[in-house]
Undergrad: 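Could you have a look at this structure, given as structure tokens, before my questions?
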Amino acid sequence: MLYAWRDSTAGVHMRLYITGGTGLVGSNIIRLARGRNDIEIIAAQYGPEPEWEVDYDLDPLDMADTQAARASIQRYQPDVVIHCAAILDHPWMDQHRAQTWRATVEGNLAFAQSCAEVGARYVFVSSDWVFDGRQPLVDEESPPCPVLFYGFMKAVCERDIMGVAGLSYGIGRLAGVYGLNYSSPSLLRKDNDVGFDLGNYVVDQLSQGLIAEIWTGPKINEVAHPTLASDGAEMLLRLAEHDENGIYHCWGSEAVSRLQFAYHFADTFNVDRSLIVPVPTDPAVLDRYRHINIPFRIVTSNESTCRALGRRTYNVRDGLRDFKAQWDAFHGPPPQTPHP
Ligand SMILES: NC(=O)c1ccc[n+]([C@@H]2O[C@H](COP(=O)([O-])OP(=O)(O)OC[C@H]3O[C@@H](n4cnc5c(N)ncnc54)[C@H](OP(=O)(O)O)[C@@H]3O)[C@@H](O)[C@H]2O)c1
């Protein structure tokens with residue numbers, strides 16, 4: 001069921017307040033929202049200003065400053081808050097736990113309580129890493145079992161939200177997000193890091209005829225549900241317009257290994273698969289992550305989410321087809337490397 005927005009007679013139907021709008025997911029939500037004339041956008045902004053033209057309100061905010069977060073929600077009186085902002089550097093988080101907790105857990109609670117106060121719906125972006133990756137199949141009802149600080153904080157945030165009286169909320173979990181950061185393209189994370197942000201790295205390498213090294217071994221999220229950022233954004237926007245409380249798995253419908261995913265990239269971009277080379281995880285990274293557990297294999301169902309939100313998420317092939325279209329439209333088609 002859809003939420004009824006308070007301003008429907010005035011032309012603007014939804015006043016959307018979003019955090020993390022310069023990020024990969026947030027920029028895709030803003031892009032979608034901009035394409036609709038019934039959404040007014042306010043974006044909390046933490047780091048550098050977005051690189052695209054800003055035709056919406058920007059509100060400088062550090063989510064660790066809970067008073068500022070509350071004041072901002074009170075000031076803008078949004079209909080919906082989508083809280084995408086997060087710290088994602090795991091070794092940094094591990095070394096700055098108090099600071100990260102303040103920004104992540106206390107920031108989330110401040111947003112959730114403020115939403116309850118102003119009657120806004122709250123969409124919190126969570127992660128598949130609330131699971132440990134040791135169950136054969138998990139779904140929206142499965143109990144979380146985090147094995148790293150990030151997953152633990154996300155699980156705590158989820159519980160805190162459920163405890164806020166009178167709050168309308170949707171917890172939208174994402175996994176292995178890849179895609180274009182439309183707001184700040186120069187911030188593209190091209191590194192082959194432990195997260196599943198392989199997309200831009202693989203395409204970048206392949207389009208130059210270079211080998212794409214895919215790590216295998218320990219400290220790797222070996223199997224996950226890759227999620228095209230625009231696909232996850234569409235689900236989160238639907239969740240914003242939904243009126244039931246709960247947990248929703250907004251990720252891609254299919255689980256694959258990192259290597260299979262990279263091969264799919266090669267096929268989609270019509271590049272020779274021999275440029276995809278499995279290698280052992282970089283020893284320097286293993287060292288940086290020596291105290292940090294990474295869920296190895298998360299396979300899930302998102303059937304009940306798709307039913308509730310009235311839309312199926314992409315499988316890997318369809319997600320990549322759309323990603324290629326986005327890439328070509330944004331960067332131009334990559335030069336083809338000849339097949340041997
Ligand atoms: N990427 C994935 O594979 C993945 C998987 C599962 C779940 N998720 C979740 O999806 C959400 C979006 O992730 P993403 O991939 O879009 O991340 P991202 O590209 O790194 O963006 C994160 C955003 O958080 C903002 N931020 C960081 N610290 C902040 C602070 N103290 N106050 C306010 N804003 C702050 C950053 O702002 P600046 O750019 O201005 O610094 C950035 O816009 C996160 O909640 C993440 O946990 C992501």
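In what follows, residues are counted from 1 in the order of the sequence shown.
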Undergrad: Could I get the full list of side chain to side chain donor-acceptor pair (under 3.5 Å) partners for D62, not counting sequence neighbours?
TA: none
Undergrad: With a 4.0 Å cut-off on N to O distance, would you call R36 and E241 a salt bridge?
TA: yes
Undergrad: Between R15 and E40, is there a salt bridge with N-O shorter than 4.0 Å?
TA: yes
Undergrad: Are the aromatic rings of F124 and F111 close, with centres under 6.0 Å apart?
TA: no
Undergrad: Identify, with sequence neighbours excluded, every residue that meets side chain to side chain donor-acceptor pair (under 3.5 Å) alongside D89.
TA: none
Undergrad: Not counting sequence neighbours, which residues clear side chain to side chain donor-acceptor pair (under 3.5 Å) with N245? List them please.
TA: none
Undergrad: So does R317 pair up with E254, basic N to acidic O under 4.0 Å?
TA: no
Undergrad: Ring centroids only, cut at 6.0 angstrom: are W101 and H96 within range, meaning strictly under it?
TA: no
Undergrad: For F152, does the CZ atom have more than 12 heavy-atom neighbours from other residues, nucleotides or ligands under 6.0 Å away?
TA: no
Undergrad: Can you tell whether the side chains of R273 and D267 come within less than 4.0 Å, N to carboxylate O?
TA: yes
Undergrad: What pairs with F149 under ring-ring contact (aromatic ring centres under 6.0 Å, His included), at least two apart in sequence or on another chain?
TA: none
Undergrad: For the atom pair CG (D94) and OH (Y289), what is the distance rounded to the nearest 0.5 Å?
TA: 10.0 Å
Undergrad: With F131, which residues qualify under ring-ring contact (aromatic ring centres under 6.0 Å, His included), at least two apart?
TA: none
Undergrad: Between W52 and R34, is there a cation-pi geometry (under 6.0 Å to ring centre, at most 45° from the normal)?
TA: yes
Undergrad: Who are the side chain to side chain donor-acceptor pair (under 3.5 Å) partners of Q113, not counting sequence neighbours?
TA: R70
Undergrad: Look at E158 together with K154 and state whether they make a salt bridge at an N to O cut-off of under 4.0 Å.
TA: no
